[in-house]
There are 2 protein chains.
Amino acid sequence: MLVNETKPFRELCRENGIAVTHQRQVLYETMKTMHGHPSPEEVYARVKKKVPAISLATVYKNIHIFVESGVFREVSLHHGSVRVEMNGEPHHHVVCSKCRKITDIGEKELGLGAKRSRLPGGFLVERYAVDVIGVCAKCQKSDC
Amino acid sequence: MLVNETKPFRELCRENGIAVTHQRQVLYETMKTMHGHPSPEEVYARVKKKVPAISLATVYKNIHIFVESGVFREVSLHHGSVRVEMNGEPHHHVVCSKCRKITDIGEKELGLGAKRSRLPGGFLVERYAVDVIGVCAKCQKSDC
DNA sequence: ATACTAAACGATAAAAGTTATCGTTCAATA
DNA sequence: TATTGAACGATAACTTTTATCGTTTAGTAT
Ligand SMILES: [Mn+2]
Ligand SMILES: [Mn+2]
Ligand SMILES: [Zn+2]
Ligand SMILES: [Zn+2]
């Protein structure tokens, strides 16, 4: 394989109006190989092996750029702080990917299973993120 | 109404093996009246009006206790930092409420709509949290 | 009622995560 | 090759959360 494998990244940058820098490219290629759901610190640690002089700020800035341009995404929208739920009624949440506002939505109103592109109120659905909350097999025994 | 309304809280404390302190009770009563999905800081600001000397640390500690004992809950499990998703395949996530580990789960494997109490691998399902990600009506026009 | 003890509290330092600032370097374009 | 805005590295600042520790208090046994 002698094909120029960097071509897709250059295109990707042109499409999103960002420069093709060495750091950005190594970040992109490194992240693509990472499995799971790494934190910025974990990405930083990994990419430092290839570009030891890279700054943590650069990692953060480029993760934001990648997420904004849709190259990668956030696992679930991060709110910066814990949010507490006092409403005991079973319900789900509508989260705006721009302002991150959290709004309740009833199960019936959501119609789980029959996805809608738009909800009552005008909310434009990008995707449903289903978090199944519970206890993993390991924690069930090891008591964590 | 001259009935002792504090009785349920005292029971709740006894059931969970925690002391009935003034701060804890005011926190509980205050949080019960709060709508939406407040952060610890917002809870702190509100409860300070009734107990000006309360410490932010006490607010954090009691929120943890309330969440652990199931009195209240977290809107979606907080991971402390942003988590990036490089897997472009549409899938959902299984999150352990103890160790907070995030694991991928395919749509088919999840069987959205037909909830299971246990998933392949032994994960014990407590609840499904459905986040509908998208853009709210306000942000669609105001461009945030 | 009083004394005892573990739990809880307040104050605050420390840690962790993220963003902002700013001088320098570099990629894109002419 | 020269120009210039974007991106970079270093680091300070800020936000959120946890840890520490001396003091106070609730629960229990006298
Ligand atoms: Mn809610
Ligand atoms: Mn995933
Ligand atoms: Zn919005
Ligand atoms: Zn676990």
Side-chain angles (χ1 to χ4, degrees), chain A residues 6-7 9-28 30 37-69 71 74-84 100, chain B residues 6-7 9-28 30 37-69 71 74-84 99-100 102:
Chain A
T6 69
K7 202 168 132 197
F9 179 70
R10 302 194 84 89
E11 283 175 17
L12 185 153
C13 287
R14 199 167 301 120
E15 285 167 14
N16 289 286
I18 57 176
V20 179
T21 68
H22 177 57
Q23 290 89 338
R24 183 165 289 153
Q25 180 151 11
V26 175
L27 262 169
Y28 173 74
T30 302
H37 311 91
S39 65
E41 283 285 352
E42 286 167 339
V43 172
Y44 177 56
R46 178 72 74 92
V47 84
K48 260 187 107 165
K49 292 174 184 169
K50 292 179 180 172
V51 186
I54 201 168
S55 168
L56 177 59
T58 299
V59 174
Y60 269 97
K61 281 181 277 197
N62 278 291
I63 286 177
H64 286 154
I65 287 169
F66 290 150
V67 169
E68 281 160 27
S69 59
V71 177
E74 279 184 70
V75 171
S76 60
L77 296 205
H78 191 244
H79 292 103
S81 62
V82 168
R83 300 308 181 86
V84 195
R100 315 235 149 177
Chain B
T6 68
K7 203 169 130 197
F9 180 71
R10 303 194 85 90
E11 282 175 18
L12 186 154
C13 287
R14 198 166 303 122
E15 285 167 14
N16 289 286
I18 56 175
V20 179
T21 68
H22 177 58
Q23 291 89 338
R24 184 165 289 153
Q25 180 152 11
V26 175
L27 261 169
Y28 173 74
T30 302
H37 312 92
S39 66
E41 283 283 351
E42 286 167 339
V43 172
Y44 177 55
R46 178 73 73 92
V47 83
K48 260 186 108 165
K49 292 174 185 172
K50 292 178 179 173
V51 186
I54 201 169
S55 168
L56 178 59
T58 299
V59 174
Y60 269 97
K61 281 181 277 197
N62 278 290
I63 286 177
H64 287 154
I65 287 169
F66 290 149
V67 169
E68 280 160 25
S69 59
V71 176
E74 279 185 71
V75 170
S76 61
L77 297 204
H78 192 243
H79 292 102
S81 63
V82 169
R83 300 308 181 86
V84 195
C99 68
R100 314 234 149 179
I102 305 168

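Throughout, protein chains are lettered first and strands after them, A, B, ... in sequence-line order, and every chain is numbered starting at 1.
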B:Glu41 side chain near B:Val59 side chain, heavy-atom distance below 4.5 Å = no
inquiry  = As an exercise, state the distance from OG of B:Ser76 to CG of A:Leu77, rounded to the nearest 0.5 Å.
reply    = 8.5 Å
ask   = To the nearest 0.5 Å, what is the distance between CD1 (B:Ile18) and CG (B:Asn62)?
value = 7.0 Å
ask   = End-to-end bend of the helix from C:dA1-D:dT30 to C:dA30-D:dT1 (five-pair axes, 10° rounding)?
value = 30°
remark   = Of B:Arg24 and A:His78, the one whose closest nucleotide on DNA chain C sits nearer the 5' end is B:Arg24
note = Taken to the nearest 0.5 Å, the spacing of A:Lys61 NZ from A:Leu56 CG works out to 10.0 Å
task = For the residue pair A:His78 and B:His78, categorise the inter-ring angle as parallel (less than 30°), tilted (30 to 60°) or perpendicular (more than 60°).
result = parallel
remark   = Between B:Arg24 and B:Phe66 the two heavy atoms that sit nearest each other are O-CZ, 3.8 Å
query = Taking all non-hydrogen atoms of both residues, which atom of A:Val82 and which atom of B:Pro40 are closest, and how far apart?
reply = O-CD, 3.2 Å
note = CD1 (A:Ile63) and CD (A:Glu68) are apart, to the nearest 0.5 Å, by 12.0 Å
key: N/O (side chain, A:His22) to phosphate O (OP1/OP2, C:dT25) under 4.0 Å   = no
inquiry  = In this structure, how many angstroms lie between the P atom of C:dA16 and the CD atom of A:Glu42, rounded?
reply    = 14 Å
ask   = Can you check the B:Gln23 CD to C:dA7 P distance for me, whole Å?
value = 17 Å
inquiry  = Under the rule for salt bridge (Lys or Arg N to Asp or Glu O under 4.0 Å), what residues qualify as partners of B:Arg100, not counting sequence neighbours?
reply    = B:Glu74
note = Per the under-4.0 Å heavy-atom filter, residues of residues 56-63 of chain A near DNA chain C come out as A:Leu56, A:Ala57, A:Tyr60
message = A side-chain contact here means heavy atoms from C-beta on lying under 4.5 Å apart; do A:Thr30 and A:Leu27 qualify?
response = no
ask   = Can you give the first and last nucleotides of DNA chain D, 5' to 3', that have an atom under 4.0 Å from a heavy atom of chain B?
value = D:dT16 to D:dG27
inquiry  = Distance check needed: C:dT18 C1' versus A:Glu74 CD, whole Å only.
reply    = 13 Å
Identify each atom pair where a protein N or O and an N or O of nucleotides 28-30 of chain C are less than 3.5 Å apart, giving names and distance.
| from | atom 1 | to | atom 2 | distance (Å) |
| --- | --- | --- | --- | --- |
| C:dA28 | OP1 | A:Val20 | N | 3.1 |

task = Give the rounded distance in Å between these two atoms: NE2 of B:His79 and P of C:dG17.
result = 13 Å
note = The residue, A:Ala53 or B:Pro40, whose nearest nucleotide of DNA chain D is more 5′ is A:Ala53
Would you be so kind as to tabulate the donor-acceptor pairs closer than 3.5 Å made by side chains of residues 42-53 of chain B, with sequence neighbours excluded?
| from | atom 1 | to | atom 2 | distance (Å) |
| --- | --- | --- | --- | --- |
| B:Glu42 | OE1 | B:Ser39 | N | 2.9 |
| B:Tyr44 | OH | B:Lys48 | NZ | 3.4 |

